[in-house]
Structure formats: C-alpha cells, structure tokens
Asks: 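Quick one: the structure is below, and I'll ask about it shortly.
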There are 2 protein chains.
Amino acid sequence: MTKRKSAAISLPEVRNRLREAGLRCTPARVAAINCLFASPTPLSSGEIVEALEPAGFDKSTVYRTLSEFTECKIVFRLDLGDSMRHYELSDVGTHAHFKCRQCGEIQCLDDFSFEISPRKHKAVRLGSVNEVLLRGLCEACE
Amino acid sequence: MTKRKSAAISLPEVRNRLREAGLRCTPARVAAINCLFASPTPLSSGEIVEALEPAGFDKSTVYRTLSEFTECKIVFRLDLGDSMRHYELSDVGTHAHFKCRQCGEIQCLDDFSFEISPRKHKAVRLGSVNEVLLRGLCEACE
DNA sequence: ATCGCAAGTGCAACTGATTTGCAAATACCT
DNA sequence: AGGTATTTGCAAATCAGTTGCACTTGCGAT
Ligand SMILES: [Mn+2]
Ligand SMILES: [Mn+2]
Ligand SMILES: [Zn+2]
Ligand SMILES: [Zn+2]
C-alpha cells in the first residue's frame with residue numbers, strides 16, 4: 001500500500017495520528033503530514049521546507065517536526081546519500097529504494113524481494129537490516 | 001580481494017595508477033592513495049582530511065583530489081547518508097556495504113550475494129544497479 | 001469557557017561538511 | 001632548463017541542518 005489513493009487526508013485523521021504518537025496537533029505538523037501524504041515518493045527535507053515556507057512555517061520548525069516524526073516512528077527517514085535526507089510516512093510499510101545517480105529519481109521498490117545470502121560459511125554475521133538502498137542508473141538515464 | 005595484504009604501496013606503483021588515469025603525480029594525490037590503500041574499510045572525506053592535514057595538505061586540496069579520483073574511477077564513492085561521503089579504492093572490486101545506524105560502523109560485504117527479484121510480473125523495470133547499501137544494527141549494537 | 005504551563009514556534013545566529021575564486025607553485029612535455 | 005597547463009593553499013562562500021531564546025499556543029485541568 002505504497003501509492004496514495006486519495007490526495008488528501010482529513011484533519012481529524014491527522015489529529016488522530018499525532019495524538020496517538022503522543023504529539024500535539026499543531027498547524028506545522030498537520031501541514032507536514034499532508035505534504036508527505038500527498039507524495040507518492042519520499043520527500044527530501046528541502047522539498048518539505050520549500051512546500052511549507054510559503055505558508056509561513058520556518059525551516060527550523062520543519063526540521064524539528066521531521067525529527068520528532070522520525071523519533072515517534074510516524075515517518076521513516078531514508079539516508080539516500082547526497083547529503084539529503086528523505087522522509088516517507090511509515091504506514092506505507094517497509095520496502096527498499098532505488099536512487100538514480102544521474103537524475104536523482106527515487107523509486108520505492110514495493111514490488112521487489114531481496115535475498116541476502118553469505119557466499120562463504122564463515123561470513124561475517126550481519127546484525128538486523130531494516131533499510132535497503134540500491135543505487136545506479138534508472139532506465140531513462142542508462 | 002578486498003582486504004589489503006601489504007600496508008603500503010610503492011611510489012612507482014602509485015605513480016603508475018595516476019598516470020594511467022590521466023592524472024599528474026602530485027604529493028597530495030600520492031598521500032591520498034596511500035591513505036586509502038592502508039585502510040581495510042572505506043574512509044570518510046573527513047577521515048582523509050584529518051590524515052593529510054598534519055602533513056600540510058589543505059582540506060580543499062583533499063576534497064578536490066577525491067572528486068578527481070571519483071571522476072576517473074580510481075576510487076569508488078559511497079553515499080552512506082549521514083552527510084558523509086566515503087571512499088575506497090575501486091580495485092577492491094564491487095561489493096555491497098552495511099552501515100550500522102547506531103555506531104556508524106561500516107562493513108564491506110564481499111562475502112554476500114544479492115538476489116533482487118520482482119514480486120509481480122509487471123513490476124517497474126530497474127535500470128542498472130551498481131551500489132547496494134544495507135542499513136540496520138550491527139551485531140554489537142543489537 | 002477559562003487558566004496555567006509545558007510544549008511548540010519564529011527568528012537569527014551558528015555549525016560542520018563541502019565548494020569556489022584566485023594568485024602562487026609545480027609537474028611534465030619538449 | 002623553459003614554458004605552460006595543472007594543481008595547490010588560503011580565505012571566503014555555500015548549503016543543509018541545528019540551536020538558543022523569548023514569545024506563542026495546544027490542551028488537560030479547573
Ligand atoms: Mn518508499
Ligand atoms: Mn567496501
Ligand atoms: Zn535517472
Ligand atoms: Zn553498530
């Protein structure tokens with residue numbers, strides 16, 4: 001359930017999500033959730049700042065909002081490199097991402113499964129993996 | 001062939017690598033290659049700057065050097081997120097990396113193979129993937 | 001509905017990583 | 001050795017993100 005069906009989420013529903021997460025319902029937070037909800041792909045902090053600044057929200061507020069959301073697991077923060085953090089609502093479920101080196105396009109890979117297997121028996125043990133990122137060239141850029 | 005056997009690489013050999021890549025052989029570049037060669041894991045720009053600054057090399061020179069190396073494919077640049085770029089000599093071959101969210105440790109996953117397969121038939125086509133990054137908690141941090 | 005105050009906000013100044021302009025130094029081809 | 005395009009050091013600029021602080025505001029309790 002990654003792609004959004006509706007372009008908007010109702011205020012009471014947003015309020016609910018916030019309260020459940022133990023956060024007060026403020027205009028900045030509502031705006032941030034709406035913004036993320038409307039996007040089919042993860043948004044960078046910069047994109048979210050740009051989206052909310054015209055409405056009068058300060059960038060520091062936006063950054064703080066995103067950190068809080070990340071802490072209470074309302075959003076998932078992706079470290080895609082290129083010194084840009086990206087966020088997506090965590091209710092879309094865990095999935096891998098692909099990022100094109102050339103054009104920067106990000107794809108959510110809901111449709112893919114990953115098999116990670118040690119080649120040798122005595123391979124290093126990995127802890128737990130909760131983010132998979134692939135990088136390369138998208139079809140268009142290839 | 002990821003782990004280094006010898007701790008040093010001879011000057012003529014470094015010179016050779018540089019000339020082959022179409023780069024002049026300068027002290028800063030030699031120092032950078034030696035630094036990367038001596039490390040079993042990818043180094044961050046900051047770590048390389050710290051290593052070379054005491055010898056009198058300016059950080060801007062180090063950054064420029066690393067960009068040039070990346071352009072001529074002498075090194076491979078990893079975008080591990082956390083606003084930190086890491087570099088490894090590209091002759092160690094392509095392999096995936098694991099980064100611990102907690103302690104920041106980076107592991108080179110030479111011993112692992114990856115299977116990426118579409119779940120549905122009509123899945124999005126991926127372009128070419130040349131970097132795989134896993135993130136999670138290492139054994140120690142778990 | 002109103003109150004009190006902890007939580008949240010705007011603003012401006014700060015950080016840390018990386019980049020850039022430029023004049024001086026240097027690698028290397030002849 | 002000489003000439004020149006390349007590389008370097010330095011200082012100043014960027015860019016994403018953070019922080020201190022005084023001022024507001026959301027909301028549980030009255
Ligand atoms: Mn996604
Ligand atoms: Mn590696
Ligand atoms: Zn692309
Ligand atoms: Zn760890």
Side-chain angles (χ1 to χ4, degrees), chain A residues 11-12 14-33 35 42-72 74-75 77-87 99 104 106, chain B residues 11-12 14-33 35 42-72 74-75 77-87 99 104 106:
Chain A
L11 179 60
V14 174
R15 184 184 194 80
N16 222 35
R17 286 198 195 201
L18 288 170
R19 306 314 325 281
E20 271 172 18
L23 293 175
R24 288 187 182 182
C25 181
T26 69
R29 288 171 178 165
V30 173
I33 291 192
C35 184
L43 294 173
S44 71
S45 344
E47 288 169 324
I48 301 169
V49 167
E50 275 175 32
L52 303 201
E53 259 182 343
F57 300 106
D58 190 75
K59 69 174 169 1
S60 66
T61 302
V62 176
Y63 280 113
R64 281 190 276 236
T65 296
L66 293 171
S67 298
E68 289 150 4
F69 283 6
T70 307
E71 267 162 43
C72 27
I74 282 189
V75 303
R77 195 187 80 193
L78 298 147
D79 278 324
L80 302 176
D82 307 321
S83 57
M84 276 280 191
R85 288 169 184 172
H86 287 69
Y87 300 85
K99 176 158 190 200
I106 298 164
Chain B
L11 180 60
V14 174
R15 183 183 195 79
N16 223 36
R17 286 198 196 201
L18 288 169
R19 303 319 322 284
E20 272 172 18
L23 295 174
R24 289 185 180 183
C25 181
T26 70
R29 289 171 179 164
V30 173
I33 290 191
C35 183
L43 295 173
S44 70
S45 345
E47 288 169 323
I48 302 169
V49 167
E50 275 175 31
L52 302 202
E53 259 182 343
F57 301 107
D58 189 75
K59 64 176 170 351
S60 66
T61 303
V62 175
Y63 280 111
R64 281 191 275 236
T65 297
L66 293 171
S67 298
E68 289 150 4
F69 283 6
T70 306
E71 267 163 42
C72 29
I74 282 189
V75 302
R77 194 187 81 193
L78 297 147
D79 277 323
L80 302 175
D82 308 321
S83 58
M84 276 280 193
R85 288 168 184 172
H86 286 69
Y87 300 85
K99 176 157 190 199
I106 298 163

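Chain identifiers are assigned alphabetically (A, B, ...) following the order of the sequence lines, protein sequences preceding nucleic acid strands; residue numbering begins at 1 within each chain.
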Asks: Rounding to a whole Å, what distance do you find between B/L18:CG and C/dT26:P?
Replies: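 For the pair B/L18 CG and C/dT26 P, the rounded distance is 18 Å.
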Asks: Taking the side chain as C-beta and beyond, is there a heavy-atom pair between A/I74 and A/L23 under 4.5 Å?
Replies: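 Yes - at least one pair of side-chain heavy atoms lies under 4.5 Å apart.
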Asks: What's the separation between atom CZ in B/F57 and atom CD1 in B/I48, rounded to the nearest 0.5 Å?
Replies: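 Answer for the CZ-CD1 pair, B/F57 versus B/I48, is 13.5 Å.
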Asks: Say you draw a straight line from NZ of B/K99 to CG of B/L78; how long is it, rounded to the nearest 0.5 Å?
Replies: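 Atom-to-atom, B/K99:NZ and B/L78:CG are 10.0 Å apart.
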Asks: Mind checking side chain to side chain donor-acceptor pair (under 3.5 Å) for B/E71 and listing every partner two or more places apart, or none if nothing turns up?
Replies: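 Expected list: none.
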Asks: So if I define the base as every atom that isn't primed, P, OP1 or OP2, how would nucleotides 3-8 of chain D read as a B/S/- string at a heavy-atom cutoff under 4.0 Å?
Replies: --BBSB
Asks: Applying side chain to side chain contact (heavy atoms under 4.5 Å, CB included), name anything that partners B/S67, two or more places apart in sequence or on another chain.
Replies: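 None.
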Asks: Please report the distance, rounded to the nearest Å, between NE2 in B/H86 and P in C/dA17.
Replies: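 It works out to 12 Å between those atoms.
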Asks: Without decimals, in angstroms, what is the distance between A/Y87 OH and D/dA16 P?
Replies: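 So the two atoms are 13 Å apart, to the nearest Å.
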Asks: Restricting to side chain to side chain contact (heavy atoms under 4.5 Å, CB included), what partner residues turn up for A/A51, sequence neighbours left out?
Replies: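 If we apply the side chain to side chain contact (heavy atoms under 4.5 Å, CB included) test to A/A51, skipping adjacent residues, the hits are A/C35.
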Asks: Answer yes or no: is there a side-chain heavy-atom contact under 4.5 Å between A/L18 and A/I33?
Replies: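 A/L18 vs A/I33: side chains touch.
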Asks: Which residue pairs satisfy the side-chain hydrogen bond (donor to acceptor under 3.5 Å, both in side chains) criterion with at least one member in residues 49-58 of chain B, sequence neighbours excluded?
Replies: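 Residue pairs with at least one partner in residues 49-58 of chain B: B/D58-B/S60.
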Asks: Does B/R85 make a side-chain N or O approach to OP1 or OP2 of C/dT19 shorter than 4.0 Å?
Replies: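 Yes, such a contact exists.
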Asks: Which ones in residues 45-53 of chain A lie close to DNA chain D, meaning a heavy atom under 4.0 Å from one of its atoms?
Replies: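 Heavy-atom cutoff 4.0 Å gives A/S45.
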Asks: Going by the rule side chain to side chain contact (heavy atoms under 4.5 Å, CB included), which residues pair with A/S45 if we only count those two or more places apart in sequence or in a different chain?
Replies: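 Scan of A/S45 (side chain to side chain contact (heavy atoms under 4.5 Å, CB included), adjacent residues dropped) gives A/Y63, A/L66, A/R85, A/Y87.
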Asks: Grab the NZ-P distance between B/K59 and D/dT14 for me, whole Å please.
Replies: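 Taking NZ of B/K59 and P of D/dT14, I get 15 Å after rounding.
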Asks: Which pairs, with at least one residue in residues 20-30 of chain A and sequence neighbours excluded, count as a salt bridge (Lys or Arg N to Asp or Glu O under 4.0 Å)?
Replies: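 Checked against salt bridge (Lys or Arg N to Asp or Glu O under 4.0 Å) - neighbours excluded - the pairs reaching residues 20-30 of chain A are A/R29-A/E68.
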Asks: For B/E71 and C/dT19, what is the distance between atoms CD and P respectively, to the nearest whole Å?
Replies: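 That distance rounds to 11 Å.
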Asks: Please list, pair by pair, any protein nitrogen or oxygen found under 3.5 Å from a nitrogen or oxygen in nucleotides 28-30 of chain D.
Replies:
residue : atom : partner : partner atom : Å
D/dG28  : OP1  : A/R19   : NH1          : 3.3
D/dG28  : OP1  : A/R19   : NH2          : 3.1

Asks: Would you compute the distance between atom CG of A/L11 and atom CG of A/N16 and round it to the nearest 0.5 angstrom?
Replies: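 It is 10.5 Å, given to the nearest 0.5 Å.
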Asks: Atom CG in B/D79, atom CE in B/M84: separation rounded to 0.5 Å?
Replies: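 Interatomic distance, B/D79 CG to B/M84 CE, rounded to 0.5 Å: 13.0 Å.
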Asks: Do the side-chain N or O atoms of B/Y63 get closer than 4.0 angstrom to the phosphate oxygens (OP1, OP2) of C/dT19?
Replies: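 Answer no for this pair, as no side-chain N or O of B/Y63 is under 4.0 Å from OP1 or OP2.
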Asks: Looking at residues at least two apart in the chain, or sitting in another chain, which of them share a side chain to side chain donor-acceptor pair (under 3.5 Å) with B/S44?
Replies: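 By the side chain to side chain donor-acceptor pair (under 3.5 Å) rule, B/S44 matches B/E47.
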Asks: Kindly calculate the angle separating the two end axes of the helix from C/dA1-D/dT30 to C/dT30-D/dA1, each obtained from five base pairs, and round it to 10 degrees.
Replies: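 Helix axis angle between the two ends: 40°.
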